[in-house]
Amino acid sequence: MELAMTVGLAVFQIAIVMGVVLLSVAYMTYAERKVLSFMQDRLGPMEVGPYGLLQPIADGLKLFFKEDIIPSSANKLIFAIAPIICLVPALIGFAVMPYNETYAAFGGEAGVISDLNVGLLYILAFASVGTYGVILAGWSSNSKYAMLGGLRCGAQIISYELALGLSIVGVLLLSGSLSLREITMAQDGGFWHWNILLQPVAFVTYVISAVAETNRLPFDMPEAESELVAGFFTEYTGMRFAFFFLAEYANMILVCCLASVLFLGGYEAPMEFLNFIPGFIWLAIKTWALLFFFIWIRGTFPRVRFDQLMKFGWKVLIPITLANILFTALGVYIYNN
Amino acid sequence: MGLMRDIFMTELMGGMKLVFLQMFKPSCTLQYPHVKHNVPDGYRGLMSLLRYEDGSERCVGCSLCEAACPSNCIKVVSDEVPGQPLVRYAKEYYLDITRCVFCGFCTEACPVDALAMTKVYEASVYDRRELMFDKHKLYELGEAHLADGKAYLLAHNMDDGTLNPTEGLGDNRYEFPPVDLGEGVPVPTTVGLTREALEAEVAKS
Amino acid sequence: MMQVLFYYMAAVTVVSSVLTVTLKQPVYNVLALLTMFFHVAGLYVLLNAEFLAVVQIIVYAGAILVLYLFVLMLLNLRSDARHMHRQWPFAVLILGSVAAMLVGAFAGGGFGGEIGQYSTAYIDSLGGDTQAIGLTLYTDYLLPFEVASLVLLVAMVGAIVLTKKGLVDDQVED
């Protein structure tokens, strides 16, 4: 009976978190189009529903009913599973994301699907698995654009994953845990306890490498539409295309969620007297602020060249993050003694 | 200073600030199917044929428009008006609007101001054959958009905007109001004269 | 429950390792190897070693195998007759002796060697496997750890020297 309760609760939590994430993905596309439009003196989607609010649903339906084309010279098996390999790691990371202090209403203890003691590494591990989807999609399409996009994506993600992982280490040194819930709890009690104040350099490097990791402008080399058509998903249509799309936006939400947990206190309110607002709303506010930042830099910066991207990753970001780790470790050592 | 600028990314921040402020400026989008552009009078939209006020056709079937058309999309079949020898009209008038380049040369060529362009620019149809305009369709367009046609002829200086048959056709054409060139400069005597007066003037000299 | 999971993981690990060396299409080999890494990580999880499991995925699946795949895509290998070439007698010899050793070990009562102090309960008392690994690695095995990092550093410097041709030539000319 107890097992059934546990499983039922977990399934319920998974359903809610997945629903929220997928809805966020849908409205992230809408928000992106709208915000970019406003930045470019346009209006964006206005036709479907009031102010175009139903546009993501219309887009989803369109993609769902589109014909699924598999190129005749593609490797059909890998072509079919690549989008799934891409999407699953993007969604699976939310399992360890703490979204609330507790969920007392349902008799649970921790506001997280699974409070894994290596939660942060778990997210990094599955984020790196997502690369396979992209590379295999590029290879199996048997198209030069897709192939180049896949190769670029592989090189870019491997390079920037290092910077991403290294910029997180400073936070780990401060909080002494790999569990995202404990990292959040270590930042309790107001915004002056947040890690961003102790690790500003790590925050900046994290955000930059997160942008590169999720293949967003100005680092969207894998799908640079002006040179590679659509990069690794050039040959994809219909639902499979939608999977890649979902994966890209889910990845964005994941890295923003992770940034707000690691640096901005996660579900913690910025001031004590604001505690009456539930934690998941704070997490959503912080995540969406970062997502807005992602759109903002997309609207501002032009795409960098691929060699500049690599040079920046290896020669600028990684040395900075290594120096940051050194200084943080020294600081923690001195503080503890 | 350059190092500090690199570290704090002031140039990038400047760009981001500009983009952020741009968000609050009003949009310049026109919600097209719901809101339409204000089309100027000289706009060259779909071609139309005009009638006199008594309802008779202006076109005399001279085929000058056909000759002037650079894309050869006009076809005129001229014929005598039954019972009225020497009076001609266009028995058939075809306009392939898919080939029309909307240059307006036909309206310039027309000696009787029978052709005018309307402000209609939404010409999409489901059947391509509907874009092969015949005489009936062209007169229909002319009746529906008579004001547009008049405004067009006025804007292009081919008519005084009334299309009044009693005043004579093309009176407004190529006639410009006299310009005061200032002290000491004699105004040319030929400016502002009608054609007959001009011819008389030329004959005198 | 644990038994069922163990047998599933073990079976898939064995099958996918065999597939890794027998499948003809190189990309399929990489995918089979990826499957194997995941199931080995699953075995680690069953042993309460989450840290090892995740590191297994990050290092092997996330970094090394991606590079393999990268190279495979660039080389565009055809599924040529790579199997049964001239060295197969050596392979039979080596693998046969390993198999004989394994069979002998199983027949002699399995791997019932001495079990160290790191039981699941002991690891939990240290505060989790991450802490246990960290404590062991940075106290008892600090010297091997540093030696390993030195070897990696040498390899890194060597790679840079190999790729930067001009670096070496200039020095020779000077």
Side-chain angles (χ1 to χ4, degrees), chain A residues 31-53 55 200-209 211-212 216-219 288-304 308-309 311-312 315-317 319-321 323-324 327, chain B residues 1-46 97-98 100-102 118-131 141 144-145 148 155:
Chain A
E32 175 161 34
R33 291 172 68 178
K34 273 290 187 193
V35 172
L36 276 182
S37 302
F38 290 145
M39 286 173 176
Q40 296 160 0
D41 287 353
R42 297 184 285 122
L43 286 174
M46 290 290 281
E47 285 301 307
V48 191
Y51 295 98
L53 270 170
Q55 186 71 41
V201 178
F203 181 68
V204 172
T205 50
Y206 175 87
V207 170
I208 294 175
S209 23
V211 173
R216 295 280 304 170
L217 270 157
F219 302 124
W288 276 96
L290 284 167
L291 285 171
F292 172 77
F293 181 77
F294 269 51
I295 303 170
W296 185 8
I297 60 172
R298 177 180 174 177
T300 308
F301 299 130
R303 184 181 301 130
V304 298
Q308 292 170 337
L309 177 88
K311 206 177 273 177
F312 182 69
K315 293 189 179 170
V316 179
L317 273 188
I320 288 178
T321 48
N324 181 54
F327 286 118
Chain B
M1 283 319 285
L3 184 69
M4 294 310 278
R5 206 178 57 204
D6 282 356
I7 289 174
F8 291 105
M9 299 185 275
T10 43
E11 284 164 344
L12 302 184
M13 292 302 157
M16 292 186 72
K17 185 183 151 208
L18 186 76
V19 171
F20 189 77
L21 294 179
Q22 194 71 21
M23 266 177 61
F24 302 102
K25 293 193 178 165
S27 132
C28 57
T29 307
L30 194 75
Q31 287 292 90
Y32 160 60
H34 311 298
V35 184
K36 289 195 173 158
H37 266 294
N38 199 4
V39 177
D41 281 347
Y43 187 80
R44 297 196 294 261
L46 290 185
I97 208 76
T98 61
C100 180
V101 294
F102 301 95
T118 60
K119 293 176 183 172
V120 182
Y121 51 86
E122 291 157 317
S124 9
V125 285
Y126 281 100
D127 189 344
R128 197 189 157 96
R129 285 169 290 190
E130 287 174 34
L131 291 172
L141 269 171
H145 303 281
D148 288 358

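Since the model is a prediction, treat every value here as computed from it, not as a measurement. Sequence lines set the chain letters: A, B, ... in the order given, protein chains first and strands last, and positions in each chain run from 1.
- The environment of CG in B:N38 is sparse: at most 12 heavy-atom neighbours from other residues, nucleotides or ligands sit within 6.0 Å.
- The aromatic rings of A:F293 and A:W296 sit perpendicular to each other, their planes meeting at more than 60°, with 30° as the lower class boundary.
- Side-chain contact between B:D41 and B:K119: present, with at least one pair of heavy atoms (C-beta onward) separated by less than 4.5 Å.
- Here the side chain of B:T118 pairs a donor or acceptor atom with the backbone of B:L46 at under 3.5 angstrom.
- Looking at B:F20, both its backbone and its side chain come within 4.5 Å of chain A, counting heavy atoms on both sides.
- Using a 4.5 Å cut-off between heavy atoms, B:L12 touches chain A through backbone and side chain atoms alike.
- Most heavy-atom pairs under 4.5 Å with chain B: of the set A:V204, A:V35, A:D41, A:T300, this distinction falls to A:D41.
- In this structure, B:F102 and B:Y121 have side chains that are not in contact, with every pair of non-hydrogen atoms separated by 4.5 Å or more.
- In this structure, chain B has a heavy atom under 4.5 Å from the side chain of A:E47, while its backbone stays farther away.
- In terms of heavy-atom pairs under 4.5 Å with chain B, the best-connected choice from A:L36, A:I320, A:L43 is A:L43.
- When heavy atoms are compared at a cutoff of 4.5 Å, B:P33 does not approach chain A at all.
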